[in-house]
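A quick write-up on the structure given underneath.
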Amino acid sequence: MSLSRRKFLKGLATTSAVSVIGPSLLGSVAKAAEEVTSPYSADGVWKVTGSHWGAFRAKIYNGQVTEVEPLPRDKYPTEMLKGIKGIIYSPSRVRYPMVRLDWLKRHKYSGDTRGNNRFVRVTWDEALDLFYKELERIQKDYGPWALNAGMTGWRQTGQFQSCTSHMQRAVGMHGNFTTKVGDYSTGAGQTILPYVLGSTEVYAQGTSWPLILENSDTVIWWANDPLKNTQVGWQAETHDSYMYYEQLKDKVAKGEIKVICVDPVKSKTQNYLQCDHQYVNPQTDVPFMLGIAYTLYTEELYDKKFIDTYALGFEEFIPYVMGKSQDKVEKTPEWAEKICGVKADDIRAFARLLAKGRTQLIFGWAVQRQQHGEQPYWMGAVIATMLGQIGLPGGGISYSHHYSGVGIPPTGAAGPGGFPRNLDEGMKPIWDNNDYKGYSKTMPVARWIDAILEPGKEINYNGSKVILPDTKMLVVSGCNPWHHHQNRNRMKTAFQKLQTVVTIDFAWTATCRFSDIVLPACTQYERDDIDLYGAYSGTGILAMHKLVDPMYQSRTDFAIFTDFCRRFNRSKEFTRGMDERQWIRSLYDGCKEANKEKAEMPDFDTFWADEKGWFDFGPGENYTSHAKFREDPEINPLGTPSGFIEIYSRKIAGYKYEHCQGHPMWFEKAERSHGGPGSDKFPLWLQSCHPNKRLHSQMCESDAFRATYTVQDREPVYMSPEDAKARGIKDGDLVRVFNDRGQLLAGAVVEDNYPPGVIRIYEGAWYGPLSEKVGAIDTYGDPNTLTMDIGTSELAQATSANTVVVNVEKYTGEVPPVTSFGGPIYVS
Ligand SMILES: Nc1nc2c(c(=O)[nH]1)N[C@H]1C(S)=C(S)[C@@H](COP(=O)(O)OP(=O)(O)OC[C@H]3O[C@@H](n4cnc5c(=O)[nH]c(N)nc54)[C@H](O)[C@@H]3O)O[C@H]1N2
Ligand SMILES: Nc1nc2c(c(=O)[nH]1)N[C@H]1C(S)=C(S)[C@@H](COP(=O)(O)OP(=O)(O)OC[C@H]3O[C@@H](n4cnc5c(=O)[nH]c(N)nc54)[C@H](O)[C@@H]3O)O[C@H]1N2
Ligand SMILES: [Mo]
């Protein structure tokens with residue numbers, strides 16, 4: 001289709017939208033006049049709602065959100081609230097049910113052109129019928145093993161409108177499907193730590209900030225950027241952590257607490273706290289830590305009594321450190337220096353400092369999102385065990401303080417339940433078939449592309465075998481795999497093999513582009529809901545008021561799947577006979593009942609009508625991690641096989657894996673900068689951290705807000721002055737970033753925060769391929785165009801997104817337009 005035709009059709013879409021707004025405009029003016037009861041303003045209605053970015057109130061005037069501001073309760077709101085309006089009114093909204101042209105014409109044989117973004121608008125009934133027929137065909141011709149509806153992600157907040165649950169319950173009422181274990185966030189960490197500390201740790205409550213501020217002499221932020229990462233939360237974020245960061249900054253300035261950020265990059269947190277920075281070469285934290293362990297051991301700075309009482313396996317581990325086992329290499333600081341780039345004397349000084357006073361170690365998650373990501377986490381636990389402070393306030397180890405308000409004293413209040421993901425007891429799917437033909441029903445989260453490319457392949461996973469299922473069809477809701485998964489060109493090859501892909505979203509992401517049927521959901525700002533205010537703090541219960549009506553032809557996920565279930569007579573079972581308001585009310589009532597000992601929550605109607613917008617559970621109480629275990633390890637054992645901290649795991653050793661053995665070890669990476677494998681050809685390490693001004697790919701579609709950080713309309717690539725100069729690149733230049741897996745255009749931002757050999761492109765940048773062909777350049781700057789798609793090890797098989805090297809050059813070719821935004825090409 002020619003560009004002019006596309007423009008013409010887009011023009012039509014706008015005109016019809018205007019004509020729809022026309023008459024209703026009058027209505028909403030009249031309505032607005034009646035509804036002006038709010039003390040906040042006389043010329044519009046203010047409503048409270050929530051989001052991953054926090055709770056806020058929005059002004060609605062003439063049926064449009066005109067202003068967004070944080071709740072007065074939120075003393076440290078994130079700048080990202082400025083991007084909210086742009087999500088609702090994004091030109092990249094999914095407006096109508098759409099079906100890919102070639103799929104309509106050639107059906108399951110049309111995979112070769114998947115991604116060409118040419119779509120036909122259909123009615124809701126047509127789209128849902130096609131979707132239903134495809135599920136029928138897949139269950140009939142193949143079986144549950146051929147359907148993957150198991151992916152999850154950062155769906156918007158709200159306990160009732162949890163879109164992935166709506167999709168999985170509805171699709172599950174029709175038939176069974178394959179799904180995943182683990183997640184991209186902490187796949188390696190949550191798999192290794194139960195063997196070592198007895199729980200996943202990564203999602204555990206952490207020692208409360210007041211205790212850390214009072215008791216710690218030293219705080220180590222290890223691979224961690226909380227100033228950046230606690231701007232968002234899994235549930236509406238209170239941002240109370242920032243009050244404690246402020247106090248920490250104050251104590252750093254007064255010399256009362258020493259804070260060190262261990263990171264190749266000077267992070268936002270380090271810049272804010274004005275604290276010490278310990279540079280380490282990327283992906284080499286384990287050698288650094290082995291050098292620390294060597295020092296603690298040889299200088300007898302470790303806590304023998306603690307190890308004897310609380311841990312097992314030190315005897316098996318120490319010979320490795322001393323060069324008496326395995327590789328016969330002594331892990332001296334001099335040995336470590338050559339790999340991790342930290343001077344041997346500095347390693348010794350670091351170790352001595354850790355042992356000197358009360359030390360709180362706090363790990364972030366990016367360091368386990370790399371090949372052998374299990375090892376730095378295990379090794380961190382070993383160091384903490386040697387220091388002997390686990391279970392003390394302000395001491396020991398945490399793997400979660402950068403996440404969702406962990407460390408704010410929790411109230412212990414129960415949040416509202418959610419819409420059920422699974423079938424109710426006794427319900428059976430229409431296709432009641434559990435025969436997976438020998439394929440595994442679940443697979444490690446990041447191995448689903450392997451399954452498409454190599455069906456039937458047997459892989460090791462956490463002590464068992466997984467046989468990758470032969471996937472023919474995908475259903476995607478509440479996640480964006482064409483942002484979250486690694487290696488785009490490999491994904492393209494895999495997607496050509498798929499017969500049908502169905503996506504439900506409100507934003508026309510790259511996942512929509514690579515789908516066959518796309519259904520328009522509405523945003524959370526177009527529906528009612530309730531949420532816990534503060535995921536880990538349990539600060540309150542938040543009313544999420546619908547701000548505006550669903551735009552275009554979008555619907556709530558609940559409405560979409562209620563209608564969908566009508567196709568096979570299951571809509572009553574799906575909804576349990578309740579409408580949206582009844583569901584929200586019942587979740588609220590359940591929450592009120594669960595908290596009755598704790599607080600007197602008002603009835604639902606009072607709660608919903610309250611202008612304040614949320615119910616307050618009051619202040620929380622301080623909590624210390626692992627304190628009970630320390631108090632009495634016999635009565636309160638850890639969840640490890642022995643009940644003790646396992647420095648050596650007999651169970652893991654028994655798996656006989658090459659890349660995860662009986663105790664933590666250093667393994668060289670498949671790709672590593674600073675002299676590591678691949679660096680002769682591609683000398684720069686690409687880290688794809690979590691964005692400072694987005695939640696993954698969410699809000700990238702918010703045009704005006706995106707413009708506050710793009711460079712020549714592209715995603716920024718941050719790099720050191722040295723690397724830029726060596727390549728003749730200046731701040732603001734358009735550059736090409738590439739390796740053997742792919743290439744992308746990005747805009748150079750030159751910053752002192754980056755050391756030579758390290759560049760950053762934030763994950764979640766919308767993939768914008770110049771064409772659907774394998775190898776086509778990405779016009780916007782999605783780092784997963786370049787990343788490697790391999791498992792961390794046989795243990796966790798998690799993502800290794802941060803194991804990748806690349807090169808950068810100034811771009812001098814013809815500049816293509818950015819193709820990521822603006823939705824599909826409409827074809828009639
Ligand atoms: N290179 C690299 N890759 C990474 C990471 C990394 O560090 N580096 N990090 C990984 C991590 S930790 C994570 S958690 C993942 C995140 O990966 P995802 O969770 O897949 O990322 P999001 O961008 O949050 O995608 C959510 C999608 O759901 C849609 N959505 C939201 N709410 C609703 C709703 O109510 N209804 C419907 N129908 N759709 C909705 C949004 O529009 C969006 O397209 O990315 C992973 N990928
Ligand atoms: N603003 C914002 N906040 C978020 C999110 C978001 O998308 N936006 N996503 C949320 C989600 S889903 C998750 S999983 C968490 C992610 O939380 P994390 O995974 O902890 O966060 P990242 O931003 O990827 O990386 C944190 C730091 O790790 C450092 N780092 C990377 N590799 C190494 C290494 O090899 N060694 C050392 N020492 N340091 C290293 C980086 O330089 C960076 O400063 O964040 C959550 N918070
Ligand atoms: Mo994550």
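Note that ligands are numbered from 1 as they come in the structure, with each ligand's atoms numbered from 1 the same way. Computed over heavy atoms, backbone and side chain alike; hydrogens, waters and symmetry mates excluded.
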When you compare ligand 1 with [X], is there at least one nitrogen or oxygen pair between them that comes in under 3.5 angstrom?
| X | answer |
| --- | --- |
| Pro783 | no |
| Asn784 | yes |
| Gln156 | yes |
| Thr787 | no |

Any non-hydrogen atom of [X] lying under 4.0 Å from ligand 2?
| X | result |
| --- | --- |
| Trp154 | yes |
| Arg369 | yes |
| Trp685 | yes |
| Arg760 | yes |

Please determine if [X] has a nitrogen or oxygen closer than 3.5 Å to a nitrogen or oxygen of ligand 2.
| X | result |
| --- | --- |
| Asn802 | no |
| Thr284 | no |
| Ser267 | no |
| Arg694 | yes |

**Request:** Would you kindly say whether Thr792 and Glu374 are connected by a side-chain donor-acceptor distance under 3.5 Å?
**Result:** yes
**Asked** Have Gln486 and Thr799 got a donor and an acceptor in their side chains that come within less than 3.5 Å?
**Response** yes
Note the single closest protein heavy atom to [atom], along with its residue, its atom name and the distance in Å.
| atom | value |
| --- | --- |
| atom 23 (O) of ligand 1 | Ser697 OG, 2.5 Å |
| atom 17 (O) of ligand 2 | Asn229 ND2, 2.9 Å |
| atom 16 (C) of ligand 1 | His483 NE2, 3.4 Å |
| atom 39 (N) of ligand 2 | Ala223 CB, 3.2 Å |
| atom 36 (N) of ligand 1 | Asp557 OD2, 2.9 Å |
| atom 31 (C) of ligand 2 | Ala366 CB, 3.6 Å |
| atom 24 (O) of ligand 1 | Gln698 NE2, 2.7 Å |
| atom 6 (C) of ligand 1 | Ser688 O, 3.4 Å |
| atom 44 (O) of ligand 2 | Asp263 OD2, 2.7 Å |
| atom 28 (O) of ligand 1 | Gly478 C, 3.2 Å |
| atom 42 (O) of ligand 1 | Asp505 OD1, 2.6 Å |
| atom 7 (O) of ligand 2 | His696 N, 2.9 Å |
| atom 35 (O) of ligand 2 | Gln283 N, 3.0 Å |
| atom 10 (C) of ligand 2 | His690 ND1, 3.7 Å |
| atom 47 (N) of ligand 1 | His484 O, 2.9 Å |
| atom 1 (N) of ligand 2 | Pro691 O, 2.8 Å |

**Prompt:** Can you check whether Trp508 and Tyr96 have ring centres sitting under 6.0 Å from each other?
**Reply:** no
Within reach of ligand 2, part of [X] (heavy-atom separation under 4.0 Å):
| X | answer |
| --- | --- |
| Asp285 | side chain |
| Asn224 | backbone |
| Gln231 | side chain |

So [X] and [Y], would you call those rings parallel, tilted or perpendicular, with 30° and 60° as cut-offs?
| X | Y | result |
| --- | --- | --- |
| Phe363 | Trp222 | parallel |
| Phe419 | His166 | tilted |
| Trp154 | His52 | tilted |

Mark up the atoms of ligand 2 that fall under 4.0 Å of a heavy atom belonging to [X], in ascending order.
| X | result |
| --- | --- |
| Val280 | 38 (N) |
| Gly364 | 20 (O) |
| Ser185 | 14 (S) |
| Met80 | 1 (N) |
| Gln370 | 35 (O) |
| Val262 | 38 (N) |

**Prompt:** Under the 6.0 Å and 45° cation-pi test, does Arg706 pair with Phe821?
**Reply:** yes
Any Lys/Arg nitrogen of [X] or [Y] sitting under 4.0 Å from an Asp/Glu carboxylate oxygen of the other?
| X | Y | result |
| --- | --- | --- |
| Asp789 | Arg447 | yes |
| Arg488 | Asp782 | yes |
| Arg555 | Asp563 | yes |
| Arg369 | Glu763 | no |
| Glu671 | Arg741 | yes |

**Asked** Heavy atoms, side chains only, cut-off 4.5 Å: are Asn487 and Met491 in contact?
**Response** no
**Message:** Is there a side-chain contact between Leu193 and Thr200 in this structure, where contact means two heavy atoms from C-beta onward sitting under 4.5 Å apart?
**Reply:** no
**Asked** What's the spacing between Trp583 CH2 and Asp529 CG if we round to 0.5 Å?
**Response** 12.0 Å
**Asked** Taking atom CD of Glu526 and atom OG of Ser554, what is their separation to the nearest 0.5 Å?
**Response** 4.5 Å
**Message:** Does the residue Gly764 have a heavy-atom contact with ligand 1, meaning some pair of atoms that are separated by less than 4.0 Å?
**Reply:** no
**Asked** Non-hydrogen atoms of Gln486 versus ligand 1: any pair closer than 4.0 Å?
**Response** yes
Restricting to non-hydrogen atoms, name the atom on [X] and the atom on [Y] that form the minimum distance, rounded to 0.1 Å.
| X | Y | answer |
| --- | --- | --- |
| Ala384 | Leu361 | CB-CD1, 4.0 Å |
| Tyr279 | Val342 | O-CG2, 3.2 Å |
| Met699 | Ile87 | CE-CD1, 3.9 Å |

Can you check whether [Y]'s main-chain N or O pairs, donor with acceptor, with [X]'s side chain at less than 3.5 Å?
| X | Y | answer |
| --- | --- | --- |
| Trp482 | Cys512 | no |
| His674 | Pro756 | yes |
| Asp225 | Lys268 | yes |

**Numbering as shown, the atoms of ligand 1 that approach Ala801 to under 4.0 Å (heavy-atom distance)** = 1 (N), 2 (C), 8 (N)
**Prompt:** For ligand 1, which atoms sit closer than 4.0 Å to a heavy atom of Arg527?
**Reply:** 35 (O)
